[in-house]
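Presented below is the structure to which this report refers.
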Amino acid sequence: MSNFNENFSVIVNELDATLTALGFAKDEAEKENAVCYSGDKGAVVLENSDSKFIIFSGESVDTASKKLSVSLLEDDASASDIKFIVSEAKETLNEKFAAKKAIAAKKSSQKTPQTVSKAAVKNGSFYDANTLASKLCLVFPELRPYYKDNLSEYGEFMGEEFFTKYGTEKVINAIKENNPQTMKKLFQILNEIYEDGTNDTQSLIAVTILSNLNNDKILLARCVDYMSETMAPPVIEVNRYLASPAGKRAKKKLENPPAYKPKKEKKPGMFAQAMAQGGGMPPTM
C-alpha cells in the first residue's frame, strides 16, 4: 500500500468516530478510491482522488455528489498535513449534520468567537478576520497563544493588531522558505477566505499581510503560482503601489502619523462680536 493510501486510511479512521456520533455507519457499497457511510441523515462518501481528499454527501451512496469539502492530499503529506485535513473535515461534518440544539449549546459554552464555516458561506455569510486567524493557526500552531491573548485582552478579535504584530511575519517567512506543502496549505486558506471574505478581511490579506512582500519580484512570483485569479491582481497592484513614490509616502505617513494639532479657534469678527453683545445691527448713517 502506498503512503498516499495509508494517509487516506489514517484520515478515514480519524473521522470514523465523528461520523458514528453523527448517526452514520460504514456502508458496504463499493466505490473506487472511496469509503462510504450511510444513516438516517443520508450518505457520506470519503474519496481519495487526484491528490485530493473529498467529502461528498447525498440522500444515498449512489447519489452522493454534493461536495462538502476538498483538501489537498499528496503522497508525501506530513503528519501535520493530515491533522489539518482531519480538523477541517470534522468541522465540515459537524456543521452539516450535527443537531442544531447541540451546535447552539456548544456555541454558548465557548468563550472564543465562532469561526464562519464553509456551510455558512454557502448560505450567504462571509469569512471574517477571526476565521482567517483561526485557520492560519492550524498552519502555524505557534500563533495560537497570541491569538488567545488577543481575544483575552480585547474581549473580541482585533485582526489588524494580531496580524501586524504576529501573523504577517509568519506568513512572509513561510513564503521566503517556500516549502511546497506549507505554501499549498497557506494559500488554500488565503484564496478561500479572500474569495468569500468581507471587505475588511480582504484588506487584511492583500494590504496588512501580503503587501509586506515589498514588491519583491521573486517572492511575488512564488505566490502567483498559488494565488487564485481573484486574489492575485489586487495583491500585485498593492505591492506595486506601495513601491511607488506616492505609495512610499503614504506608507510612511501611516507608520509615523503626524502629531495631532487642534485647530485654532477663530476670533469672531466685529460684526459677530456686536451681535453676541446684543447690540444688533450697527446704526446706519
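Hydrogens, waters and symmetry mates are skipped; everything else that's a heavy atom, side chains included, is used.
- Remark: the backbone N or O of Ile218 is paired with a side-chain donor or acceptor of Asp216 at under 3.5 angstrom.
- You'll find the side chain of Glu177 stays beyond 4.5 Å of the side chain of Thr182, heavy atoms only.
- Closest heavy-atom contact between Phe157 and Ala129: CE2-O, 3.5 Å.
- Grouping the Ile, Leu, Val, Met, Phe, Trp and Tyr side chains by contacts below 4.5 angstrom, directly or via other members, places Leu210 with Leu219.
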Checklist entry - Taking it one step at a time, do Thr131 and Asp128 satisfy side-chain hydrogen bond (donor to acceptor under 3.5 Å, both in side chains)? => result CA-CA 5 Å; Thr131 303; Asp128 57 14; 2.6 Å; yes

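- Atom NZ of Lys26 is separated from atom CD of Glu28 by 9.5 Å, given to the nearest 0.5 angstrom.
- By the 4.5 Å heavy-atom criterion applied to side chains, Tyr226 and Pro180 are counted as neighbours.
- Within the 4.5 Å cutoff, no side-chain heavy atoms of Thr201 are placed close to those of Phe126.
- Taken from CG in Asn7 to CG in Asp76, the straight-line distance is 9.0 Å, to the nearest 0.5 Å.
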Checklist entry - Can you list the steps and then say if Lys185 with Phe84 is a side-chain contact (heavy atoms from CB on, under 4.5 Å)? => result CA-CA 9 Å; Lys185 288 192 294 184; Phe84 174 78; 4.1 Å; yes

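- Summarising the geometry, atom CE belonging to Met183 is positioned 9.0 Å from atom CE belonging to Met227; distances are rounded to the nearest 0.5 Å.
- Note on Glu91 versus Lys118: no salt bridge recorded, every NZ/NE/NH1/NH2 to OD/OE distance being 4.0 Å or above.
- A side-chain donor-acceptor contact under 3.5 Å links Ser211 to the backbone of Val207.
- Ring geometry, Tyr147 versus Phe162: the interplanar angle exceeds 60°, so the pair is classed perpendicular (tilted spans 30 to 60°).
- No side-chain donor-acceptor contact under 3.5 Å links Arg240 to the backbone of Asn215.
- Thr164 places a side-chain N or O within donor-acceptor distance of the main-chain N or O of Glu160, the cut-off being under 3.5 Å.
- Leu213 and Tyr241 fall into different hydrophobic clusters, where Ile, Leu, Val, Met, Phe, Trp and Tyr residues are linked whenever their side-chain heavy atoms come under 4.5 Å apart, directly or through other members.
- Taking CD from Glu88 and CD1 from Ile55, the interatomic distance works out to 9.5 Å, rounded to the nearest 0.5 Å.
- Nearest approach of Ser228 to Asn191, heavy atoms of both residues: N-OD1, 2.9 Å.
- Put simply, the side chain of Phe56 does not reach to within 4.5 Å of the side chain of Lys66, judged on heavy atoms.
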Item to check | Worked verdict on Lys170 versus Glu142 for salt bridge (charged side-chain N to carboxylate O under 4.0 Å, His left out) | outcome: CA-CA 9 Å; Lys170 285 294 179 185; Glu142 59 271 27; 3.1 Å; yes

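- No donor-acceptor pair under 3.5 Å is formed between the side chain of Glu14 and the backbone N or O of Val86.
- Side-chain contact between Leu72 and Asp81 is absent, with no heavy atoms from C-beta onward closer than 4.5 Å.
- Side chains of Ser203 and Asp200: a donor-acceptor N/O pair is absent below 3.5 angstrom, by distance only.
- When each of Ile172, Val171, Ile175 is checked for a side chain to side chain contact (heavy atoms under 4.5 Å, CB included) with Asn212, only Ile172 meets the rule.
- Between Ser117 and Thr92, every side-chain heavy-atom pair lies at or beyond the 4.5 Å cut-off.
- Not a single side chain to side chain donor-acceptor pair (under 3.5 Å) links Thr115 to another residue, sequence neighbours left out.
- Residue Val238 is not grouped with residue Leu190 when hydrophobic side chains (ILVMFWY) are merged at heavy-atom distances under 4.5 angstrom, including chains of intermediate members.
- With hydrogens and angles ignored, the 3.5 Å screen pairs no side-chain donor or acceptor of Asp27 with any backbone N or O of Ser38.
- Under the 3.5 Å distance criterion, with hydrogens and angles disregarded, a donor-acceptor pair is assigned to the side chains of Thr230 and Glu195.
- Across all their heavy atoms, Phe163 and Leu136 have their closest contact at CE2-CD1, 3.7 Å.
- No donor-acceptor pair under 3.5 Å is formed between the side chain of Asp16 and the backbone N or O of Asn13.
- A search for ring-ring contact (aromatic ring centres under 6.0 Å, His included) contacts involving Phe140 returns nothing, not counting sequence neighbours.
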Item to check | Test side-chain contact (heavy atoms from CB on, under 4.5 Å) applied to Val224 and Ile236, step by step | outcome: CA-CA 9 Å; Val224 168; Ile236 293 170; 4.1 Å; yes

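- Sorted by first then second residue, the ring pair (Phe, Tyr, Trp, His ring centres under 6.0 Å) pairs that include residues 14-49, not counting sequence neighbours, are Phe24-Phe97.
- Ile54 and Leu22 are members of different hydrophobic clusters when ILVMFWY side chains are connected at heavy-atom separations under 4.5 Å.
- Of all non-hydrogen atoms in Ile82 and Ala77, the two that sit nearest each other are CD1-CB, 4.1 Å.
- Between Tyr127 and Leu132 the shortest side-chain heavy-atom distance does not fall below 4.5 Å.
- With rounding to the nearest 0.5 Å, the separation of CZ in Arg144 from CG in Leu138 is 6.0 Å.
- Minimum interatomic distance between Tyr194 and Pro234 (heavy atoms only, all atoms of both residues): OH-CG, 3.1 Å.
- To the nearest 0.5 Å, atom CD of residue Glu74 and atom CG of residue Asp50 are 11.5 Å apart.
- At distances below 3.5 Å, not a single donor-acceptor pair connects side-chain atoms of Ser57 with backbone N or O atoms of Ala43.
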Next on the checklist: With salt bridge (charged side-chain N to carboxylate O under 4.0 Å, His left out) as the criterion, how do Glu192 and Lys135 come out once you've worked through the C-alpha distance, each side chain's angles and the decisive distance to 0.1 Å?
Outcome noted: CA-CA 11 Å; Glu192 179 184 4; Lys135 286 184 177 291; 5.2 Å; no

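- The shortest non-hydrogen separation linking Cys36 to Ala29 is SG-O, 3.8 Å.
- The backbone N or O of Ala174 lies less than 3.5 Å from no partner atom in the side chain of Asn178, so there is not a single donor-acceptor pair.
- Side-chain contact between Ser80 and Gln181 is absent, with no heavy atoms from C-beta onward closer than 4.5 Å.
- Val45 and Ile11 fall into different hydrophobic clusters, where Ile, Leu, Val, Met, Phe, Trp and Tyr residues are linked whenever their side-chain heavy atoms come under 4.5 Å apart, directly or through other members.
- Classification of Glu47 and Lys52 as a salt-bridged pair fails, no side-chain N sitting under 4.0 Å from a carboxylate O.
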